[in-house]
2 protein chains.
Amino acid sequence: MEEGTLKSPTHCTGTEAEYEVRQWDTREGCEVRQILDRVADKWSLLVIALLDRRSLRFSELRREIDGISQRMLTVTLRQLERDGLVLRTVHPVVPPRVDYELTPLGVTLHDTIRSLVIWTEEHQTEVAAARASYDSRTAEEAQAS
Amino acid sequence: MEEGTLKSPTHCTGTEAEYEVRQWDTREGCEVRQILDRVADKWSLLVIALLDRRSLRFSELRREIDGISQRMLTVTLRQLERDGLVLRTVHPVVPPRVDYELTPLGVTLHDTIRSLVIWTEEHQTEVAAARASYDSRTAEEAQAS
DNA sequence: CGGTATCCGTTCTGATACTG
DNA sequence: CAGTATCAGAACGGATACCG
C-alpha cells in the first residue's frame, strides 16, 4: 500500500460512448483480491443467495444447500459474519436456536450475487452446449493423432 | 434426482412490493451448481474482468493478474474456452501469438462480474472495518476466558 | 511465446466423535 | 440444535523441466 495510486481505478462516466476499459487493481493481497476471494467462494455465494430478505436457521441453511457439510457451513458463516455481511443471532433457548440474516451491507452484495446466479440459470443451456461442442472437438483431435 | 420437481421455483405472489424470494435449485451436480463453481473461481473471475472489450495475449494476462502461475492461467483459460465464454485465437507466426477475448456469451457474464468487482472496490473499507471489529471482539472474548 | 507433463507440498474438505 | 476438535484423504496449485 506504499505505492500510492498505482493503477488507480479510473472512473467510468457511464455514458455509452465514453465506456472505458477499467483498470482493475489485481495486486495479490490487496483488499479487493482478499474480498473477491471470499465472495468468489462456492459456499459463500450460495449462502448469500439463499438469505434473500429472510433469516434462516443453521439447520435450514444446511438442508437447503445440498452437499454442504456442517463444518463448511460453520466456517462459511463465520467468515461472512466477520466480513460484516451476515448477522448471527443466538436465541437463549433450549435447544439452542441460531438465526442468520444479511446485514444492510450484505443486502447490497446480495443484489449483484443474485444477478450472477440468475445469469447462470438463464445461460446454463448455452454453457452446456459449448461444453459438449468443445468436448467432441477435443475427442476428434485425440483420434486424429 | 428421483424426486421429480423437487424445489421448483415457487413464485411468491401477493407480497406488497411483489418482490419474490427466489427458490434456487441448489442440488449438487446440477448445471447451475457446476457453472457457479466455474464462475465463482478466483482466477476465472479475474480473467473475465480483465477481458473487457479487448483481446489480450497469454503473456499480457499473466502480467496483469498478479500471482497467477502459468499453469493456472492455462487451466483457467481452457475451462473458460470450454464453457464458451472465451475465444482462443492462435496466430500462425513465429514466435507464436495467442489472443484471448470474450465471446458474446462471455460479454453477458462480464457485465455481472464487473458489478461484482465494482461492489468489492466500493465496499472494501466497510468490509475491512467489519473484520477489524470482529477480530477485536474475538480477542476480547479470548481474554475473558 | 505459449504451452504440456510431472512431481510434490499445502490447503481444503468431509467424516467422525464429542459438547453445551 | 448448533456447534467444536481432530484427523486422513482429496484436490489445489506452484515449481521445474521440456517441447513445437
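Order of the sequence lines sets the chain letters (A, B, ...), proteins ahead of strands, with each chain counted from 1. All values below come from the heavy atoms of this structure, side chains included, with hydrogens, waters and symmetry mates left out.
- If you take CZ of A:Arg57 and C1' of D:dG3, they are 13 Å apart, rounded to a whole angstrom.
- Regarding contacts with the backbone of D:dC1, every side-chain N or O of A:Ser59 stays at 4.0 angstrom or more from both OP1 and OP2.
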Below 3.5 Å, can you tabulate the donor-acceptor pairs from side chains in residues 85-96 of chain B to any protein atom, sequence neighbours excluded?
from    : atom 1 : to       : atom 2 : distance (Å)
B:Arg88 : NE     : B:Tyr100 : OH     : 3.2
B:His91 : NE2    : B:Asp99  : OD2    : 2.8

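- Listed pair B:Tyr100 / C:dG3 meets the phosphate criterion, a side-chain N or O lying under 4.0 Å from OP1 or OP2.
- When every heavy atom of B:Glu64 is checked against every heavy atom of B:Leu56, the shortest pair comes out as OE2-CD1, 4.3 Å.
- At the phosphate of C:dG3, OP1 or OP2 sits under 4.0 Å from a side-chain N or O atom of B:Arg88.
- When the C1' atom of C:dG3 is taken as reference, atom NE2 of B:His91 falls 16 Å away, rounded to whole Å.
- Rounding to whole angstrom units, CZ of residue B:Arg62 and P of D:dG13 are separated by 15 Å.
- We find that CD1 of B:Ile65 is positioned 15 Å from C1' of D:dG13, with the value rounded to whole Å.
- B:Ala49 is linked by a side-chain contact (heavy atoms from CB on, under 4.5 Å) to A:Trp24, B:Ile113, B:Val117, counting only residues two or more places apart in sequence or in another chain.
- Rounded to whole angstrom, the span from the NZ atom of B:Lys42 across to the C1' atom of C:dC12 amounts to 13 Å.
- Distance, B:Leu56 CG to C:dC1 C1': 15 Å, rounded to whole Å.
- A heavy atom lying under 4.0 Å from DNA chain C marks the following residues of residues 68-87 of chain A, by number: A:Ser69, A:Arg71, A:Met72.
- One atom, CG of A:Leu46, and another, P of C:dT13, lie 13 Å apart when rounded to the nearest Å.
- Residues forming a side-chain contact (heavy atoms from CB on, under 4.5 Å) with B:Glu126 (at least two apart in sequence, or on another chain): A:Leu105, B:His123.
- For residues 67-81 of chain B, the set of pairs meeting the salt bridge (Lys or Arg N to Asp or Glu O under 4.0 Å) definition, not counting sequence neighbours, is empty.
- B:Arg131 is linked by a side-chain contact (heavy atoms from CB on, under 4.5 Å) to A:Gln34, A:Ile35, A:Arg38, A:Arg82, A:Asp83, B:Val127, counting only residues two or more places apart in sequence or in another chain.
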